[in-house]
Amino acid sequence: MNASLMIVDDAKDQIYLMQMLMKTIAPDIAILTAGDGDEAIRQLHDVLPNLPRLILMDLKLLGKTGIETLKVLKSDPALKRIPVCIFSNGDFQADVCDAYEAGASFYFKKPIGLTNLKQFMTHLIEIGFSYAAVCAS
């Protein structure tokens, strides 16, 4: 796996903000973005075998939801080993449980405010790219 992060969110402003923060936090990490689950799956197949090290995916995507997309990812032999972090504005217990049952590595509540988002992204990159071990094949 290479040093890249995929962000899947239908809110273009959220993706833009995360991309700008990543330029200051970890400029060496490439960012792939997708506005919905189908686009994410297509992009992942296009970059095989250079899959991202981590996927950060919104729960409430337009069209195919984050949970539905996660189920597709985890049922695909070529994509199932990529760690996927679901994030959402809510933390309803049913959503959290559904995410983990579908194969999420983590479920995070979206941080509010630029400072909190930067801190979240910093920790996510530190854990996902420095400390976490991932399956390379």
> Out of curiosity, Leu79 CG to Ile82 CD1, how far, rounded to the nearest 0.5 Å?
5.0 Å
> Please report the shortest heavy-atom distance between Ala26 and Ile125, naming the atom on each side.
CB-CG2, 3.9 Å
> Once you round to the nearest 0.5 Å, how far does CD1 of Ile25 lie from OG1 of Thr122?
3.5 Å
> Return the NZ to NZ distance between Lys110 and Lys60, rounded to the nearest 0.5 Å.
11.0 Å
> Can a donor-acceptor pair be found, under 3.5 Å and without considering hydrogens, that links the side chain of Arg53 to the backbone of Leu5?
no
> Treating Ile, Leu, Val, Met, Phe, Trp and Tyr as nodes and any side-chain heavy-atom pair under 4.5 angstrom as an edge, say whether Ile127 and Ile7 lie in one connected cluster.
no
> Is there side-chain contact between Ile55 and Leu73, with heavy atoms separated by less than 4.5 Å?
yes
> Cluster question for you: counting only ILVMFWY and a side-chain heavy-atom cut-off of under 4.5 Å, with indirect links fine, are Met121 and Leu114 together?
yes
> Does the gap between the ring centers of Phe87 and Tyr107 come in under 6.0 Å?
no
> Specify the closest pair of heavy atoms between Leu54 and Gly128, including all atoms of both residues, with the distance to one decimal.
CD2-CA, 4.4 Å
> If Ile, Leu, Val, Met, Phe, Trp and Tyr residues are connected whenever their side-chain heavy atoms lie under 4.5 Å apart, and connections chain through other members, are Leu56 and Met20 in the same group?
no
> Gln43 side chain to Leu32 main-chain N or O, any donor-acceptor pair under 3.5 Å?
no
> So does Tyr16 have more than 12 non-hydrogen atoms from other groups sitting under 6.0 Å from OH?
no
> If we only count heavy atoms from C-beta on, is the Val8 to Asp36 side-chain gap below 4.5 Å?
no
> Do other residues, nucleotides or ligands put more than 12 heavy atoms under 6.0 Å from Leu48 CG?
yes
> When you measure from the side chain of Thr24 to the backbone N and O of Leu21, does any donor-acceptor pair fall under 3.5 Å?
yes
> Between atom CG of Asp46 and atom CG of Leu44, what is the distance when rounded to the nearest 0.5 Å?
9.0 Å
> Between Asp10 and Leu62 (side chain of the first, backbone of the second, donor and acceptor by atom type, cut-off under 3.5 Å), is there such a pair?
yes
> For the residue pair Gly66 and Ile86, what are the closest heavy atoms and their distance?
O-CD1, 4.2 Å
> Should we count CZ of Phe106 as having more than 12 external heavy atoms under 6.0 Å?
no
> For Ala99 and Leu70, which heavy atoms make the closest approach, and how far apart are they?
O-CD2, 3.5 Å
> Do you know which two heavy atoms are closest between Pro83 and Ser105, and how far apart they sit?
CA-OG, 3.4 Å
> Using modelled atom types only, decide if a donor and an acceptor are shared between the side chain of Glu68 and the backbone of Thr65 within a distance under 3.5 Å.
yes
> So, taking the atom named CD1 in Ile41 and the one named NE2 in His45, what distance separates them when rounded to the nearest 0.5 Å?
7.0 Å
> With heavy-atom distances below 4.5 Å as the criterion, would you say the side chains of Gln14 and Leu117 are in contact?
yes
> Does any pair with a residue in residues 69-80 pass salt bridge (Lys or Arg N to Asp or Glu O under 4.0 Å), and if so which ones, sequence neighbours excluded?
none
> When rounded to the nearest 0.5 angstrom, what distance separates CD1 in Ile29 from CE in Met22?
4.5 Å
